[in-house]
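The chain is numbered in sequence order, starting from 1. Hydrogens, waters and symmetry mates play no part in the numbers below; they use all other heavy atoms, side chains included. Each ligand, and each atom within it, is numbered from 1 in the order the structure gives.
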Amino acid sequence: MSAATRTVGRYVIETLAANGVDIAFGIPGVHNIELYRGLDSGRVRHVLARHEQNAAFAADGFARVSGRVAAVFVISGPGLTNALTAIAQAASDSVPMLVIASTPVRASLGRRWGVLHELADQRAVAAGAAGLALHANSAAELRAHLAAAFAYLGGARPRPAYLGIPLDLLAEATTLEPERYARTYSAPPAPAAAIGAARELLERAQRPLIVAGGGARHAGAALTALLDAVDGYLVTTTAGKGVIPESHPGNLGASLPYRATQELMAAADVVLAVGTELAETDVYTTTRLSFPGRLIRIDIDAAQLGTDAAAAVTIHADARAALEALTPALPAHRGWRSAAGDVRATRLAIEAQIGAHWRAALSAVRALRAAVPPDGVVFSDMTQIAYTGNYAFGADRPGSWFHPCGYGTLGFALPAAIGARIAAPRRPIIALAGDFGLQFTLQELMTAVELQLPLPIVVWNNEALAQIRDDMLAGGIEPVGVAGRNPDFQAFAAACGARGLRVRGPDALVEGVRAALGARGPTLLEAHHADF
Ligand SMILES: Cc1ncc(C[n+]2csc(CCOP(=O)(O)OP(=O)(O)O)c2C)c(N)n1
Ligand SMILES: [Mg+2]
């Protein structure tokens, strides 16, 4: 092959490298081996997962800690359908990744010949989960799609981008040269009229409350300035956890699901929601949060603002730009918080509510907090200990605690933590999962062993699908299908070449996590609820 020609597969790899994508999580198959022809150059590292779902979860964790896009390489058909759950999870939490899947040969597409790995319409399947889904039928189309995908991934609110490439196209020779696609996106400036309207509401507010979500994570300083200027309270969603230190006297943390915070919201006369969907998964107790105060919404996503008929003012802008435009002209006034006091009383009421139901989980979360250094990051799963931790794991910086909020997928924590540890090799990263949820993706322990990642994996063992059992009991349903037999977790870890130990109580958990962070390879720490 002359220097001017390369296979399309190699062209894709070189285009990824030219645009800063230097890692691909995946599993190769005969359909996409032409993507792997380019990988020997060493410019794109490949990490072999044990299941495509986990490859995409790893790309998600990679992006959450680093802000960088990873690729996911999957084969046609089952490779993609296996990855869909993790793609949908990332989409719901606005996490970018570039999913590249082969498809069967072009001549067969849509014809139902029964070729290997056939789907009736693979692009449509991907489109149901991803933020952007494109299919290339020619090299020229592929080039346009790569440009579009990188523009999307660098845009306002990126989610996973999917690109389908027929296996016969991947093998073709092309004279296309890889290009670097310049970042063209800049956030819209805060619209003056809406800022003025919001300022008026805030100036007159007697009891202002701010709700900050994941979209405000980069706007901590501006948020603190506004919070102090209006003398109100701040609540975050789980995705917005730590946007300003939870030790701030006006910060109620990620407490939207709790009675005391909801009472405060009901008392507020103006609620400013920034970078949050205010969705069911942010609130957890009702499908839509309702409160009597006037609502101001700031969001980078115009479509998001369009869904809310109740907002008095909507500001389509980047969170930091909007907050910075709002605050300077606001006369500082003493008001609600000065009169009603800092958040201590509300936080005590919340902790009493948690302690009444989940005392053991609360004790374990506190131990975990003590064990994890300030720059540490916890990847949590759908388990009662994580629901407790969503509030009780105090975070003084954003990006300290990740939870599969939007889509609520079991099995997220371990593979996402693996991706994160690869992205940030010097940061303490911890996985936290329930006994049942861990088993969704437990085979990924082998990847962590293979890569010798010093990863503490804490499994909260309550020998049940406890949340669902409790929901059944609360609904008057005789529990069925909510207790199963667990493996011997320590023996399982040993069989994989990892360490496994049972930590009996909070002190042992602290010690175990600290030791695991300094170990070579992963450690499975079994925390049994009866010990806490
Ligand atoms: C993929 C998927 N399937 C099913 C569920 C429903 N679900 C939510 S929590 C849960 C129980 C999980 O059990 P475990 O991991 O042991 O956590 P626990 O509630 O016992 O703390 C189930 C089945 C889900 N969220 N995701
Ligand atoms: Mg359980």
Side-chain angles (χ1 to χ4, degrees), residues 51-58 60 81-93 128-129 238 257 279-285 287 354-355 357-365 367-368 378-393 401-417 430-445 457-475 477 479-489 492 502-503 509 524-532:
H51 188 286
E52 288 89 349
Q53 176 179 219
N54 306 341
F57 276 143
D60 177 324
T81 49
N82 277 349
L84 278 178
T85 297
I87 296 171
Q89 179 62 58
S92 70
D93 287 342
T238 301
E280 177 198 3
T281 46
D282 297 318
V283 181
Y284 264 115
T285 48
T287 50
I354 297 174
H357 296 287
W358 289 344
R359 192 204 48 77
L362 187 58
S363 140
V365 165
L368 193 62
V378 177
F379 279 82
S380 64
D381 218 273
M382 297 296 287
T383 158
Q384 293 188 327
I385 193 173
Y387 312 144
T388 308
N390 281 344
Y391 169 76
F393 185 88
W401 173 272
F402 291 109
H403 187 66
C405 299
Y407 202 51
T409 313
L410 285 170
F412 166 81
L414 173 57
I430 292 97
L432 173 66
D435 51 334
F436 191 71
L438 182 69
Q439 292 179 62
F440 273 60
T441 52
L442 185 49
Q443 73 272 40
E444 225 53 44
L445 186 57
I457 303 155
V458 179
V459 53
W460 180 243
N461 189 356
N462 49 26
E463 309 208 19
L465 290 67
Q467 183 57 45
I468 311 306
R469 177 201 58 207
D470 293 353
D471 289 341
M472 286 180 179
L473 288 170
I477 298 165
V480 176
V482 288
R485 184 170 162 176
N486 280 330
D488 176 335
F489 286 110
F492 187 93
R502 180 159 166 181
V503 284
L509 176 57
L524 189 56
L525 299 155
E526 181 184 358
H528 197 283
H529 73 130
D531 294 333
F532 286 81

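When atom types are taken as modelled, the side chain of Asp381 and the backbone of Gly411 share a donor-acceptor pair closer than 3.5 angstrom. Asn462 places no side-chain N or O within donor-acceptor distance of the main-chain N or O of His529, the cut-off being under 3.5 Å. Asn82 places no side-chain N or O within 3.5 Å of a backbone atom of Gln53 that could act as its donor or acceptor partner. Gln89 places a side-chain N or O within donor-acceptor distance of the main-chain N or O of Thr409, the cut-off being under 3.5 Å. Using a distance-only test at 3.5 Å, with no hydrogens or angles considered, a donor-acceptor pair links the side chain of Asp435 to the main chain of Ala464. Formation of a donor-acceptor pair under 3.5 Å by the Arg359 side chain with backbone atoms of Phe532 is found in this model.
Taking any N or O of Gly437, backbone or side chain, at least one lies under 3.5 Å from an N or O belonging to ligand 1. Looking at Trp460 next to ligand 1, no N or O pair under 3.5 Å apart turns up. When only interatomic distances are considered, the shortest N/O to N/O separation between Ala466 and ligand 1 falls below 3.5 Å. For ligand 1, the polar-atom distance check against Thr409 finds no nitrogen or oxygen pair separated by under 3.5 Å. Between Ile468 and ligand 1, a contact under 3.5 Å exists for no N or O pair. Checking only distances, Phe436 does come within under 3.5 Å of ligand 1, N or O to N or O.
Ranking protein heavy atoms by distance to atom 25 (N) of ligand 1, first place goes to Gly408 O, 2.8 Å. Ranking protein heavy atoms by distance to atom 5 (C) of ligand 1, first place goes to Leu410 CD1, 3.6 Å. Of all protein heavy atoms, the one closest to atom 16 (O) of ligand 1 is Asp435 OD1, 2.4 Å.
Backbone or side-chain N, O or S atoms of Ala466 do not reach the Mg ion (ligand 2) at under 2.8 Å. Among the atoms of Asp435, an N, O or S atom falls under 2.8 Å of the Mg ion (ligand 2). The Mg ion (ligand 2) has no N, O or S atom of Gln384 closer than 2.8 Å.
Considering Asp470, Leu465, Asp471 only, the shortest heavy-atom separation from atom 11 (C) of ligand 1 involves Leu465. When Thr383, Thr85, Thr388 are ranked by how near their heavy atoms come to atom 17 (O) of ligand 1, first place goes to Thr383.
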Please assess Asn54 against Leu414 for the test side-chain contact (heavy atoms from CB on, under 4.5 Å), listing each intermediate value before the final yes or no. CA-CA 9 Å; Asn54 306 341; Leu414 173 57; over 6 Å; no
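A donor-acceptor contact under 3.5 angstrom links the side chains of His403 and Ser380, judged on distance only.
If you number the atoms of ligand 1 from 1 as listed, the ones under 4.0 Å from a heavy atom of Gln467 come out as 19 (O). Shown in contact with Phe440 at under 4.0 Å from a heavy atom are these atoms of ligand 1, numbered in order with element: 1 (C). Interface of Gln384 with ligand 1, defined as ligand atoms under 4.0 Å from a residue heavy atom, comprises 18 (P), 19 (O), 21 (O). Near Tyr387, meaning under 4.0 Å from any of its heavy atoms, are these atoms of ligand 1: 9 (S).
Neither the backbone nor the side chain of Ala433 comes within 4.0 Å of ligand 1, counting heavy atoms alone.
Among Phe379, Tyr391, Phe393, the single residue meeting the ring-ring contact (aromatic ring centres under 6.0 Å, His included) criterion with Trp401 is Phe393. Among Phe402, Tyr407, Phe412, the one residue that satisfies the ring-ring contact (aromatic ring centres under 6.0 Å, His included) test with Phe57 is Phe412.
Summarising the geometry, atom CD belonging to Gln467 is positioned 10.5 Å from atom CG belonging to Leu465; distances are rounded to the nearest 0.5 Å.
Contact between Leu432 and Ala413 at its shortest, heavy atoms only, is O-CB, 3.5 Å.
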